[in-house]
Amino acid sequence: MLNKLKIWKTQNAPSTLRDRIDFVKSSGVPAHIAIIMDGNGRWAKKRAMPRVAGHHEGMKVVRRITRLANELGIGALTLYAFSTENWKRPKNEVDYLMQLPEEFLGSFLPELVKENVRVQMIGYKEKLPPHTLKAINRAIEDTKENTGLVLNFALNYGSRAEIIDAVKHVLKDCQSGILNANSLDEEAFSSYLMTSKMADPDLLIRTSGEIRLSNFMLWQLAYTEFWFTNVLWPDFGEEDFLEAVEAYQNRQRRFGGLEGS
Ligand code: FPP
């Protein structure tokens, strides 16, 4: 029956962007989408432009996808904006990437405040330049009362480091008697991660044709649906995002169980 309904839905799929948005909204959207925004450099190279031009174009896409995610009623959008490994890139590129949150939030924050979006961050704040941190902290503060979409930037984030830090914290709490080792289960361990207050992603999108996780949310993605596209992040549009959500809506999630169980 469910399959017949899906076939019917596919055959009668709406065609305009507006119709697609309305249709997707009525079909149950993922609560949390995580995105590995990849391909900025290649996008720029194809146009004989400097790599940073790709990052700048990528920032504009963040704006458009945030608006759409908010409109669709998605609970959280986690964006991998800078990994703990990205410091290995040339200084001019790192400096540029570290300036993007300021530029983005400098112009977009009033709209985020107004549109009920709450800005959050996961990652190691200590190593961020003061100007980057200031922009992020201000956005977190100014949007803290908002109850709509959580726009979660993964900035200077690395999943293995996050897990090791969580393990160290667990050991410390066991030693000091705050935690009984026998009571440590998956839920308790999750509370030691940077995403402690968030549900795990339902859908992971990675652009640019790369099929890997690149040290992103390794624990949190255990049961997440993956969706990969060859589209480079700066070319990633509303249609692509909808396609990913539509694909998600046609998946059967079983969490290790059997269909319908
Ligand atoms: C990976 O593409 C992308 C990044 C390391 C940076 C992503 C950042 C943005 C999209 C802008 C973020 C915006 C805000 C507001 C923080 P790549 O450079 O590795 O691409 P390549 O694989 O083609 O070289």
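As the structure is a computational prediction, the values presented were derived from the model and not from experiment. Throughout, numbering of the chain's residues begins at 1 and tracks the sequence. Start at 1 and go down the list; that is how both ligands and their atoms are numbered.
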query: Got R212 and R206 here, is their nearest side-chain heavy-atom distance under 4.5 Å?
result: yes
Test item, E210 contacting ligand 1 (heavy atom, 4.0 angstrom): no
task: Please check if any side-chain donor atom of N152 sits under 3.5 Å from a side-chain acceptor atom of Y157, or the reverse.
output: no
message: Give me the residue, atom name and distance of the protein heavy atom closest to atom 14 (C) of ligand 1.
response: F153 CE2, 4.2 Å
Under 4.0 Å to a heavy atom of L97 - the qualifying atoms of ligand 1, by number: 6 (C)
- request: Output the list of atoms in ligand 1 that are nearer than 4.0 Å to some heavy atom of W233, sorted by atom number.
  value: 10 (C)
- prompt: More than 12 heavy atoms of other residues, nucleotides or ligands under 6.0 Å from CZ of R138: is that the case?
  reply: no
- request: Answer whether the closest heavy-atom distance between the side chains of N86 and V94 falls below 4.5 Å.
  value: no
field: T229: side-chain contact (heavy atoms from CB on, under 4.5 Å) partners, not counting sequence neighbours
entry: T207, W227, V231, F236
- prompt: Can you tell me the protein heavy atom closest to atom 22 (O) of ligand 1 and the distance?
  reply: R42 NH2, 2.9 Å
- prompt: Using a heavy-atom cut-off of under 4.0 Å, does the side chain or the backbone of R51 touch ligand 1, or both, or neither?
  reply: side chain
- prompt: Rounded to the nearest 0.5 Å, how far does CZ of F23 lie from CZ of R18?
  reply: 14.5 Å
message: Return the closest protein heavy atom for atom 4 (C) of ligand 1 as residue, atom name and distance.
response: H55 CE1, 4.0 Å
statement: One finds that the ligand 1 atoms under 4.0 Å from a non-hydrogen atom of L100 are 11 (C)
field: For F104, the ligand 1 atoms whose distance to one of its heavy atoms is below 4.0 Å
entry: 15 (C)
query: Can you find an N/O atom of N40 closer than 3.5 Å to an N/O atom of ligand 1?
result: yes
task: Would you mind running through ligand 1 and noting each atom that sits below 4.0 Å from a heavy atom of G41?
output: 17 (P), 18 (O), 20 (O), 21 (P), 23 (O), 24 (O)
message: Please determine whether the number of non-hydrogen atoms from other residues, nucleotides or ligands lying under 6.0 Å from atom CZ of R64 exceeds 12.
response: yes
message: With heavy-atom distances below 4.0 Å as the criterion, list the atoms of ligand 1 near A81.
response: 6 (C), 7 (C), 8 (C), 16 (C)
N or O contact, D38 vs ligand 1, cut-off under 3.5 Å: yes
- line: The closest protein heavy-atom partner of atom 1 (C) of ligand 1 is M37 O, 3.3 Å
- prompt: Can G39 be said to touch ligand 1, with heavy atoms closer than 4.0 Å?
  reply: yes
field: Nitrogen or oxygen of E93 less than 3.5 angstrom from that of ligand 1
entry: no
query: Can you tell if the side chain of L242 reaches within under 4.5 Å of the side chain of L68, non-hydrogen atoms only?
result: yes
- prompt: Mind checking what makes ring pair (Phe, Tyr, Trp, His ring centres under 6.0 Å) contact with F189, not counting sequence neighbours?
  reply: W219
task: Mind checking the CD-NE2 spacing from E103 to H55? Nearest 0.5 Å is all I need.
output: 13.0 Å
Any N or O of N86 closer than 3.5 Å to N or O of ligand 1: no
field: Any R89 heavy atom less than 4.0 Å to ligand 1
entry: yes
- prompt: When clusters are formed by joining ILVMFWY residues with side-chain heavy atoms under 4.5 Å apart, either directly or through shared neighbours, do L204 and L218 land in the same one?
  reply: yes
